[in-house]
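Okay, so here's the structure we're looking at.
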There are 2 protein chains.
Amino acid sequence: MIVLLLYLCAQHSNMKDLISTVQIKVNERIYLKDPVSSALGQKIITGSIDLIADIGFEAFTFRKLASSIGSTEASIYRYFESKHKLLLYLTSWHWGWMEYRLVFSLANIEDPVVRLEKAIVLLTNKVEEDHNFAFINEPKLWEIVIAESSKVYLTKDVDQENQDGVFTGYKRLVARIGDIILEINPKYKYPHMLVSSMIEGAHHERYFARHLPKLTNDLKGENSITEFYKDLVFKTIGNAA
Amino acid sequence: MIVLLLYLCAQHSNMKDLISTVQIKVNERIYLKDPVSSALGQKIITGSIDLIADIGFEAFTFRKLASSIGSTEASIYRYFESKHKLLLYLTSWHWGWMEYRLVFSLANIEDPVVRLEKAIVLLTNKVEEDHNFAFINEPKLWEIVIAESSKVYLTKDVDQENQDGVFTGYKRLVARIGDIILEINPKYKYPHMLVSSMIEGAHHERYFARHLPKLTNDLKGENSITEFYKDLVFKTIGNAA
DNA sequence: ACAAATATAATAGTAATACTATCATAATGC
DNA sequence: GCATTATGATAGTATTACTATTATATTTGT
């Protein structure tokens, strides 16, 4: 997806124009038929985000989704072979979108410390709606990512799915930020571990703040999770922010 | 459980004797009938650890468990109202056991820096078998905790279950280590966040090392996860180890 | 504009899952 | 040795996660 993006960047000078033509690309092995390619496919995405955010992934079924979007179970199965694959699609889209936003957010910024700080904010802060992608409600999708995304890889099929490349978006994002850390401190031994623990941790801590508050420290009047990780990451790699 | 433990500690001088009488207590609302109280109950625990570690929690059913231990579905349902509650039992037992080991591991050690270091090792390092608990295979249970424990709270029932007190063991462990952090640096703002992110993170990174190695940095010849967290925690709270 | 191709809806069906219910038998406790 | 309790055997149900078939729209190429 980023290849396409940079390619387009080189051809156009006006970003606003570009943005409306950008599409987040998701690994083709995740779906049977590209949901972006039809009205029904888009309704499946929009509707599943609403429904999963509402009732949770365990209670979510294609039958319920079908009735909520006025279609049928069999039609949905032509797009996704299982509800697990649909969740994988949603989270992959989220990672693709995050990478896209990261690339723009860091464009033309040289100082790696500033780059890293921006990356941390982007990955740990609340998500806002992005009107460039009409049929995706990003904040709602983010709620799903917080509560359900671990389930995407905590299965017995991880190794096979990983071989199929369905997690490359996430891995690329981690690598990208890991590289910034190495620019700041080339000797730091655990850049990927630090980044993945930050991303996963930010989700978990946000979930804890809502449901198991004793497990975290969500202080009033501050964006605790982002502050916590800014402090932690810069101290750990050995540079004051 | 720790109340009982300290009480017994005060009465006996020989720990070895004590240990064989200790039992990890799990919140009564988790089970319908205490599995420790009967041979079948113990077989359910032993057998479910084997089976879940083998086939994963999604594929695990009471029917399969029944056949593997030579009993019936209906009999298992007399102990646990669902497979979710059984997983909750297993993870709660793990947290109770961790707390028990933590208390012993820190006994008579005054220096909070040493106490914290020991706590980090205990929570991030590989788990070894504990022969004081005959029908529980702790390393195998730990594998389940790594791969499945998030599923215990990532459900729509979290709030209700939390109110029922089923997560108190975990919360107590986090509070205990948070207190050590505050002894070292009373001004550190996020002790619980740091501890829970370390515990959860250690599980996730271990899972990544096996299944999605690009997301982490598991360096040869060292216990990377423990080293990573020792370094990270002490730098973050502001004390060299 | 019309046939051909394709997408979707409607309906039905299946094996497995997550339980609940009932009753007989075995083990245990007083 | 009788009452209680635990377990086993068996059956049944609603739901889930699919697959299959056919009919009807809708789109596409010419």
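Numbers restart at 1 for each chain; the letters A, B, ... are given by sequence-line order, proteins then strands.
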Hey, do the aromatic rings of [X] and [Y] have their centres closer than 6.0 Å?
| X | Y | value |
| --- | --- | --- |
| B/H203 | B/Y207 | no |
| B/F133 | B/W93 | yes |
| A/F208 | B/Y153 | yes |

(message) Just by distance, no angles: are the side chains of B/S38 and B/Y79 close enough, under 3.5 Å, to form a donor-acceptor pair?
(response) yes

(request) Produce a footprint string for nucleotides 8-22 of chain C: one letter per nucleotide, 5' end first; B if the base is under 4.0 Å from any protein heavy atom, S if only the sugar-phosphate is, - if neither. (result) BBBB-----SBBBB-

(message) Using 30° and 60° as the class boundaries, would you call the ring planes of B/Y31 and B/F80 parallel, tilted or perpendicular?
(response) perpendicular

(message) Please verify the inter-ring angle class for A/Y100 with A/F104; under 30° counts as parallel, over 60° as perpendicular, anything in between as tilted.
(response)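 The arrangement is perpendicular - the two ring planes meet at more than 60°.
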
(message) Going 5' to 3' along DNA chain D, between which two nucleotides do contacts with chain A fall, using a heavy-atom cut-off of 4.0 Å?
(response) D/dT16 to D/dA20

(message) Salt bridge check, B/K83 against B/E58: does any charged N sit closer than 4.0 Å to a carboxylate O?
(response)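 No, B/E58 and B/K83 are not salt-bridged.
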
